[in-house]
Amino acid sequence: MYQTTDILVNETANDPMGQMVINVGPQHPATHGVLHLVITLNGETIQKVEPHLGYIHRSIEKMCESLTYRQFIYVTSRMDYLSSHINNHACALCVEKGLQVEVPERAQVIRVLMDELTRIASHELWWGAMAMDLGAFTPFFHAFRERETINDIMEETCGARLTMNYMVPGGVMHDIHPNFQKRVKDFLQLYKQKIHEYDELVTGNIIFQNRMKGVGYISPEDAISYGCSGPVARGSGVSCDVRKHFPYEIYDKLQFDEVLETAGDSFARYLVRVKEMHQSVRIVEQLIDNIPEGDFQAKTKAVLKLPKGEFYQRVETARGELGVYIVSEGGTTPYRIKFRSPGFSNLSILDHMTRGSKIGDLVAAMGTLDLVIPDIDR
Amino acid sequence: MNNEALQAILTEQVPDATFDTSGEWLNVQVSVAAFRPLAEKLKKELQFNFLFCLTCVDWKTHLTMVYHLRSTQEGHHLVVKVNLDTQQPQIHTVCDLWRTAEFHEREVYELFGVDSLQHPDLRLLILPDGWEGKNPLRKDFDDPVNMIKL
């Protein structure tokens, strides 16, 4: 893993101009987690970016092999901790697919509401952190003002602010808090009053635009080949929203647009995420007054046993396509489980998209991949 | 393209392939030797341009490589499976066809010990130095110090 010095010695020996190797991380403010990048530079130009992973690898896939279908969902909140509802959702859906359980409509609506609130909260954090990476500190506080409101709503209903563990096979763990609808509506009102500040502070800022435009270009072909999904692929014009292409729960009955930008640079990916927040608000507005009455959980057995076979379920997290692949031997625990994490594939394009650009642009390019390291390491 | 048409084309290319239609998508099982030419055909002629999941399953008697493929233009899916020997598992890389395989094959290399032939940079990705030869996601892996089993 640490052949850094070897590279330095070998390549300086071959190249009289002198290459330099710089380590970014594992503790670095711009990587937002323990990501280690070994960057080979020629002057200021990036020649190679090598990610070194594993600093927060917990072997969740191996752990899940000894956990039951009710237990393993709680571990998955710790993968992409900014989309923990959506991770739980993917696992619950995959188990339900194996058991062929029909989820009550009330539970479906609550799940979609939670997913979309999570997506807004995740994009808020990314938006604040992205601006901070480029030197603007104020937007972070604006983003957190709204994000805290969502966290408070989550805390009231789920009892947690980050690792919610709210979705279980068959529905949700318990009913929503009596205040839930009122507080979400208050949040929507607050959000609409404040959203114009986002564009005024950051989007329209000429310094910000100059830093972002033309940086970290990804062509549509590369985005597909590298397995990119979510806003990273949609910034290059690749239509890949799982909610539209392979709808789950009630997404096919909802009115919302898949946000596409065609420029393929950092600014395009920025715009996709900002516009996605508006679409998520649209979904929440459609559902918040129309939560049907009924059960919040289907009746399931205390001990779940999936039939022998293979089950794959994908959902759209804030970062892209999360896949859960369960291989079952008919027991109470999965024989093998694989999480196709969106961040892992999105990270793989980092080297390709930054080669030849300046070291100063690295953070502007990397920031728009929206990397969450526990999601990559698992 | 529907599953029957796809199955007919694949049978023509690999006569001894076995199919499984019980799951959500068409599953095809091929030998190691037939895998690489099939992968090239899938990418270049059948528009399977998105490799969305690449993983391996340890069945104790053998390993199975699993490739989940999708076409973003046509929308069809295919799951390709290849059985490998547990002692010296080797398979030709596909990372020149689908670039995402580069990272995924490195992950499978360290967690299962599957050697991807012709891979440009097959090193440990997640595990620290000195883990070569110990493959944590194999069923027979046991670590007395850092217990993973609960």
Side-chain angles (χ1 to χ4, degrees), chain A residues 1-3 50-67 71 75 97 220-229 233 238-240 245-246 309-314 321 323-325 327 329 335-340 342 344-349 351-352 376-378, chain B residues 20 22-25 27 43 47-60 64 66 68 70-73 75 77 79 81 95-104 106-108 110-112 121 123-131 135-139 141 143 146-150:
Chain A
M1 200 155 180
Y2 306 99
Q3 308 96 332
E50 253 185 276
H52 288 243
L53 308 175
Y55 291 92
I56 195 164
H57 191 260
R58 294 140 296 171
S59 205
I60 285 178
E61 290 174 7
K62 182 87 176 176
M63 268 198 253
C64 289
E65 286 176 9
S66 53
L67 296 173
Q71 291 169 331
V75 189
K97 191 182 254 182
E221 294 77 25
D222 284 339
I224 294 171
S225 181
Y226 278 93
C228 296
S229 54
V238 179
S239 169
C240 61
H245 288 268
F246 312 101
E310 294 174 7
F311 309 97
Y312 192 96
Q313 177 65 45
R314 54 194 154 196
E321 180 178 326
V324 179
Y325 175 56
V327 180
E329 277 283 86
Y335 184 76
R336 163 98 174 101
I337 193 157
K338 155 87 182 169
F339 297 106
R340 185 262 184 225
F344 188 72
S345 298
N346 287 352
L347 173 72
S348 68
I349 203 168
D351 178 41
H352 180 78
I376 297 165
D377 274 359
R378 282 161 286 138
Chain B
D20 177 11
S22 60
E24 193 179 358
W25 302 310
N27 278 233
K43 170 78 200 298
Q47 284 94 38
F48 282 104
N49 54 358
F50 194 62
L51 175 69
F52 61 95
C53 187
L54 190 168
T55 188
C56 186
V57 183
D58 181 10
W59 293 103
K60 291 176 190 162
T64 305
V66 186
H68 283 80
R70 168 163 103 226
S71 163
T72 53
Q73 300 121 345
H77 288 77
V79 184
K81 289 181 180 169
C95 70
D96 51 330
L97 302 171
W98 299 283
R99 300 295 297 272
T100 182
E102 192 174 329
F103 263 40
H104 283 92
R106 277 175 72 180
E107 196 189 17
V108 168
E110 61 187 356
L111 299 178
F112 288 94
D121 188 21
R123 293 180 287 118
L124 295 181
L125 177 69
I126 292 167
L127 300 172
D129 272 348
W131 274 75
N135 310 112
L137 278 185
R138 289 270 190 112
K139 290 287 176 186
F141 177 82
D143 189 339
N146 304 304
M147 284 294 284
I148 299 173
K149 282 181 188 160
L150 298 177

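Proteins come first, then strands; the chains are lettered A, B, ... in the order of their sequence lines, and each starts at number 1. The analysis underlying the following values was restricted to heavy atoms, covering all of them including side chains, and did not include hydrogens, waters or symmetry mates.
With chain B as partner, the option from A:Arg340, A:Glu65, A:Glu61 having the largest number of non-hydrogen pairs under 4.5 angstrom is A:Arg340. If you tally non-hydrogen atom pairs under 4.5 Å between each of A:Phe344, A:Tyr325, A:Tyr335 and chain B, the highest count goes to A:Tyr335. Most heavy-atom pairs under 4.5 Å with chain A: of the set B:Lys81, B:Glu102, B:Lys43, this distinction falls to B:Lys81. Ranked by heavy-atom pairs shorter than 4.5 Å toward chain A, the options B:His104, B:Arg99, B:His68 are led by B:Arg99.
Taking the ring centroids of B:His77 and A:Phe246, they lie under the 6.0 Å cut-off.
Judged by distance alone, the side chain of A:Asp351 and the main-chain N or O of A:Glu50 form no donor-acceptor pair under 3.5 Å.
For B:Arg70, the part sitting under 4.5 Å from any heavy atom of chain A is the side chain, from C-beta outward, and nothing else. With a threshold of 4.5 angstrom between heavy atoms, B:Cys95 does not approach chain A through any atom at all. Neither the backbone nor the side chain of B:Val79 comes within contact range of chain A; no heavy atoms are under 4.5 Å apart. Proximity to chain A (any heavy atom under 4.5 Å) is shown, for B:Asp20, by neither the backbone nor the side chain. For B:Trp25, the part sitting under 4.5 Å from any heavy atom of chain A is the side chain, from C-beta outward, and nothing else. With a 4.5 Å cut-off on non-hydrogen atoms, A:Glu221 does not touch chain B at all. Interface residue A:Tyr312: backbone and side-chain heavy atoms are both found under 4.5 Å from chain B.
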(message) Is there a side chain to side chain contact (heavy atoms under 4.5 Å, CB included) between A:Val75 and A:Arg58? Walk through the geometry before answering.
(response) CA-CA 10 Å; A:Val75 189; A:Arg58 294 140 296 171; over 6 Å; no
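Between the CG atom of B:Leu97 and the CG atom of B:Leu51 there is a distance of 9.5 Å, given to the nearest 0.5 Å. Rounding to the nearest 0.5 angstrom, the gap separating the CD atom in B:Gln73 from the CZ atom in B:Phe50 is 12.5 Å. B:Trp98 CH2 to A:Ser345 OG: the interatomic distance, rounded to the nearest 0.5 Å, is 14.0 Å.
Evaluation of the side-chain hydrogen bond (donor to acceptor under 3.5 Å, both in side chains) rule for B:Glu107 yields A:Lys338, A:Arg378 as partners, not counting sequence neighbours. For B:Arg106, there are no side-chain hydrogen bond (donor to acceptor under 3.5 Å, both in side chains) partners, not counting sequence neighbours.
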